[in-house]
Amino acid sequence: MTWIHRTLLTGVIISSLALPLAAQQASTVTQADIQRLQDNVYLADREVSQARSRDAARATQLQTELDDLRDEVVYLKVKLRKERTLARSEYADVRDRIEDLRSRARGESTSPAAAPSAPSSSSSSSSSSSSAAPPRPPAATSTPPPASSTRSTTPAAGTIEIPVGTEIDVRLQQTLNSGTSQVEDRFEATTLVDVGAGGRVVIPAGSLMRGVITAVEPATRTNRTARLTVSFDQVTVNGQAYPIRGTVTQAIEGEGIKGETARIGTGAGVGAIIGGILGGVKGALAGILIGGGGTIAATEGKEVQIPQGSVLRVRLDSPAQISSGR
């Protein structure tokens with residue numbers, strides 16, 4: 001009898017411990033969750049860019065909010081990596097705010113936006129006030145499905161679209177090294193020649209482009225091939241920041257274009273510095289190989305090192321909509 005009681009007691013204890021553990025596992029935030037947030041931020045970038053053709057002032061406001069949300073996603077990613085745990089509530093808050101911003105970018109009326117104005121009564125009155133929130137008729141009725149609009153959207157007057165595949169040559173403003181760089185580190189580069197579209201200069205030479213480190217594998221005794229993955233997510237034209245999505249396809253030593261810039265006119269094609277003056281591979285940065293997705297690998301068993309002043313060729317992976325300014 002004592003043995004039976006002891007067995008039952010053991011089962012009760014195990015059950016009581018297992019329930020909190022299961023609940024904790026269900027609420028655990030993973031790196032996959034953070035990646036979904038980053039994917040949603042990218043989609044929001046595109047939707048805000050599309051909204052710029054309908055309402056430039058509103059799109060600028062949304063872009064400011066999105067920049068803050070992007071920084072919060074980076075914070076959550078770093079916190080999860082360092083502390084190995086993250087409250088589900090923190091993740092859910094950022095996720096819901098991103099979805100709310102995306103809905104507003106598409107011109108949809110969202111209940112989260114109305115929620116703060118209805119906490120005075122019971123839950124039933126809150127839900128009724130939320131459903132009664134004034135919609136935005138013009139935007140809501142004219143918004144096309146986001147999936148089909150990414151390629152077919154015609155920029156409105158005053159906005160010019162730079163198509164997918166456009167290549168932009170930029171000069172790196174600081175050294176990148178796989179041994180010291182961290183994921184989500186930001187860096188900057190400046191455009192070398194004017195980028196044109198529709199017969200106009202859209203991105204003038206000297207414009208600032210922001211890059212981000214998306215993956216790092218430093219060299220170790222067991223990993224002889226260091227890797228560094230970079231991309232570009234923003235360009236600033238005449239003081240206005242615009243979202244872009246660009247991948248590095250080639251790197252050139254800074255000395256390779258010394259004294260040649262004066263020979264480039266505004267009519268030179270995008271990529272003329274690398275493709276024309278340097279004659280293809282001539283001047284290519286030694287000791288590295290660039291693969292798909294902007295991954296740069298060291299070929300000599302050392303760290304990936306891209307010196308300040310190096311020229312990077314950046315290919316746009318999605319259309320970029322830039323205000324013509326007039």
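Residue numbers run from 1 in the order of the sequence given.
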* Structure fact -> All heavy atoms of F187 vs all of V212, minimum pair found to be CE2-N, 3.4 Å
* Please step through side chain to side chain contact (heavy atoms under 4.5 Å, CB included) for the pair T60 and R52, ending with a clear verdict. => CA-CA 8 Å; T60 299; R52 196 175 300 278; 3.5 Å; yes
* To do: Find the distance between CD1 (I203) and CD1 (I162) and round it off to the nearest 0.5 Å.
  => 3.5 Å
* **Expected output: side-chain E303 to main-chain P218 donor-acceptor under 3.5 Å** => no
* Hey, any chance M209 and I213 share a hydrophobic cluster, counting ILVMFWY side chains that come within less than 4.5 Å of each other, even indirectly? -> yes
* Quick one: do R70 and D67 make a salt bridge, cutoff under 4.0 Å? -> yes
* Mind checking whether I322 and V235 have side chains closer than 4.5 Å, heavy atoms only? -> yes
* Asked: Do the side chain of R58 and the main chain of A56 share a donor and acceptor less than 3.5 angstrom apart?
  -> no
* Side chains of E184 and Q38, donor plus acceptor under 3.5 Å -> yes
* Under a 4.5 Å side-chain heavy-atom rule over Ile, Leu, Val, Met, Phe, Trp and Tyr, are V201 and L208 clustered together? -> no
* Asked: Which atom pair, heavy atoms only, marks the closest approach of A297 to V304?
  -> C-CG2, 4.0 Å
* Does V94 belong to the same Ile/Leu/Val/Met/Phe/Trp/Tyr cluster as L62, with side-chain heavy atoms less than 4.5 Å apart forming each link? -> yes
* Asked: Got a donor-acceptor contact below 3.5 angstrom from the T214 side chain to the T229 backbone?
  -> yes
* Walk me through it: do V41 and I98 pass the test side chain to side chain contact (heavy atoms under 4.5 Å, CB included)? => CA-CA 7 Å; V41 167; I98 294 173; 3.7 Å; yes
* S181 side chain reached by L228 side chain, heavy atoms, under 4.5 Å -> yes
* Asked: Quick one: does Q308's side chain have a donor or acceptor within less than 3.5 Å of a partner on Q173's backbone?
  -> yes
* Quick one: does Q234's side chain have a donor or acceptor within less than 3.5 Å of a partner on F232's backbone? -> no
* Just by distance, do the side chain of T190 and the backbone of S207 share a donor-acceptor pair under 3.5 Å? -> no
* **hydrophobic_cluster_shared for L66 and Y42, side chain cutoff 4.5 Å** => no
* Under the criterion side-chain hydrogen bond (donor to acceptor under 3.5 Å, both in side chains), which of R95, R88, K77 is the partner of D33? -> R88
* Answer yes if the side chains of T247 and S231 hold a donor-acceptor pair under 3.5 Å, and no otherwise. => no
* **Side-chain donor-acceptor contact under 3.5 Å, Q305 with T175** => no
* Asked: Is any side-chain heavy atom of L312 closer than 4.5 Å to a side-chain heavy atom of V170?
  -> yes
* Is I34 close to L86 at the side-chain level, that is, under 4.5 Å between some pair of heavy atoms? -> yes
* Side-chain contact, heavy-atom cut-off 4.5 Å: R186 with V74? -> yes
* Are L43 and L316 co-members of a hydrophobic cluster defined by side-chain heavy atoms under 4.5 Å apart? -> no
